[in-house]
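See below for the structure under consideration.
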Amino acid sequence: MTNFEPLNQSVISGRVDQVKEQTKAMVDAGVSPIEIINQGLIAGMNVVGVRFKNGDMFVPEVLMCARSMAAGIEIVKPLIADTDMPSKGKVLIGTVKGDLHDIGKNLVGMMMESGGFNVINLGVDIPPEKFVAAIKEHKPDIVAMSALLTTTMLQMKDTIELIKEEGLNVKYIIGGAPISQEFADEIGADGYAPDAASSVDLCLKLIG
Amino acid sequence: MRSNNAHFITPQMRVLSDDQIKSIYFAALEILERTGMKIDCQETLQFLADQGALVGPGNKVRIPAYLVERALKTVPPRVVLCNRDGERKLFLEDNNVYFGCNPDNPDYLDPYTGERRPFTSKDGKDMATVIDYSKNIEFVLNACFSADVPRDVADRVIIRQMMLYMRKPIGFSCTNADSLLDIIDMAAIVAGGYDELRMNPYIFHIQEPISPLSHDGNTMKEIKICAEKGIPLVYYPMPMAGATAPATLAGMLAQNLAEAFTGMVVHQLTKPGAPFITGGVASIMDMKTTRFSYGAPEMSLSVAGLTDILHYLKIPIWGTAATVDAKTVDQQCAAEIAISSLMSGLSGANLVHDTGLMDQATVTCPEVLLLADEIQGMVRRILGGIPVTDETLALDVVDEIGNGGSYISHEHTYKHFRDFWVPSLFDRSVLQKGQTMPSLTERLNTKARYVIENHEVPPLPSDKLKDLLELEKKWLG
Ligand code: B12
């Protein structure tokens, strides 16, 4: 039986170098790569998620934990077939047309990555057509849209409509300061989350 | 308020030494030369290249120090803003401090129902009335929200409300370059012509870089319009330490300055001597909620640091104060207003904006303006300082009253007691047994409704009103 506790702890305290060393040592000792990811790295990150939600950790700490987890994954990745890589799903994220606010969107992207999602970040000022083209290219499970301006919120509606017109099958989630659950319902989005942490739960709920 | 001309009388605060200022200034120049800026506007990139900047792939431009120094040579050390009647009122120079507020916001706390709901143009009228009444609120900055009109005309509708229902100088951000031109047309009607508007600016425009180190194409267009038409421009970033700027305040200030300089270079090289103001809403990201904190002590400190730097460079200063994280008019709100207003006052930022924004710039109300007006009155009194002259030392009076006498009926007291600050809301009454005092929140609400219902703002002259309503047909149909 491998003891994953020390690796969990290294992820929880965000020690990148230590995570790398311990991961390498486990690989050398012949521990299954999938187990290293699930029980060593992701298990540590799960604790981080809970602590953050309880208000016991700050965002930069969470992101450092995510970085240490990613550093570990980097090491075991070459040993696993792509199809066996644990991923909770693919998310395409972008800020809608006319809107240049990207801090919240980027944070949501980072949190989703640390939650085990594969995230493609399109950037800001993304018109509906660009979302459509990116969906065709990347085939995501979820399209996540961000808007911070009351003047750009309606772009979300237009984007969803165009995607539906094109007959593409994805889930839609939206967020940003002026967005509410009512607005999400009104424009036919599948979900809304008020902050980055809950956006991860939302995705898990939608495709879990 | 004008700072005391005898400078040694006005209490002043510095948070940076001369050497620290120079280090930050040179760091900003280094950022411009080493990392450079991303500017999404081919015309501006070409313009800067012609002036000697180095344009690279990805819309990136590296700006050499001499271009900044050239802009600094032509940027005017002062800008004067006028009221609706064309009177020169705000002298943005030196340590003069003027507080201003945001009349419009996505949401409004209705003083009649207590409800939080979307802001409408009718609320714009009520806010304007309260602003006209409030002595210490000396200008407005419109972000242009109004839920009752189509979104793309909200900017012009809310600015019209300001022009009609209050008399103070008007700052604004707007939808795009076209609406900027419309707003200039509106202001020219009120000012009595374009030349008059240029000589006695009644409006100013704000635009923002996108931290870190990026600038939007539309922004560049608007900078150019302001430079050419002589409309005072405020170009300032909103960096968030730990998110869009270094977590250390010195690094954030250097980046803030570099971003502001980029606008200044484009603006001054387009039209040397055009009126320019800069500063920053430099704060931190709250690392639990990830929100941009408007009430953080780091915001007051950073803005004071920028103020020191801009005094040194002799550029009129855009300050920030009395904007709060509190969600309603409560104890937190009052504390956040007080600390930031006093910090700005003592450091001498010129055009101090954002009074009355609550819940991270998403909601406002008349009560918060009246509360800030009261607190800023106290700040104004403190900035009056302690004049020391024969008259104020009053040695003859001291000798006359002598040991154990009273000053209360003396002529010297009669002459000077009016310098004392008199509260209009804060309570100093003597409570009788069994009597209770309504809370400040209640008194604010009563006063807000009173002012809305009773304060009279002289109407705009009828010919100007007629022209304004005629012009409006262009966008209202
Ligand atoms: C920083 C900032 C800017 C920066 C943006 C820099 C950048 N790189 O993004 C600059 C200076 C460029 C800027 C410009 C403007 N801004 Co601005 N800005 C802000 C500010 C202060 C903070 C926004 C922010 O980054 N917050 C921190 C992040 C982490 O929070 P967040 O974005 O809300 O994201 C969180 C959640 O919303 C959620 N979330 C976000 N996206 C998504 C997506 C999904 C799918 C999900 C599930 C969740 C989710 O999770 C995030 C993390 O927890 C807000 C004030 C505010 N209260 O929001 C104003 C604000 C958003 N801006 C506003 C305005 C009006 C503008 C301008 C028009 C001019 C102006 N008045 O300042 C321009 C418009 C430019 C444009 N075309 O987009 C208004 C918008 C009001 C409205 N509802 O319409 C606000 C509210 C301030 C105000 N009252 O004036 N702004």
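Both backbone and side-chain heavy atoms feed into the values below; hydrogens, waters and symmetry mates do not. This one's a predicted model, so the numbers in the text were calculated from it and none came from an experiment. Quick note on labels: first sequence line is chain A, next is B, and so on, each numbered from 1.
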Side chain from CB out, backbone as N, CA, C, O: work out which of these in Asp286(B) comes under 4.5 Å of a heavy atom of chain A, or both, or neither. neither

Which atoms of Leu149(A) come close to chain B, meaning under 4.5 Å heavy atom to heavy atom: side chain ones, backbone ones, both, or neither? neither

Would Phe172(B) and His205(B) count as a close aromatic pair, with their ring centres under 6.0 Å? yes

Selection from Leu100(A), Asn106(A), Val62(A) maximising heavy-atom pairs under 4.5 Å formed with chain B: Leu100(A)

In terms of relative ring orientation, are Trp318(B) and His353(B) parallel, tilted or perpendicular, with 30° and 60° separating the classes? parallel

Arg51(A)/Glu61(A) salt bridge by N-O under 4.0 Å criterion: no

Examine whether an atom of Phe145(B) lies under 4.5 Å from a heavy atom of chain A, and if so say whether it belongs to the side chain, the backbone or both; otherwise answer neither. side chain

Asp359(B) bridged to Arg291(B) by N-O distance under 4.0 Å: yes

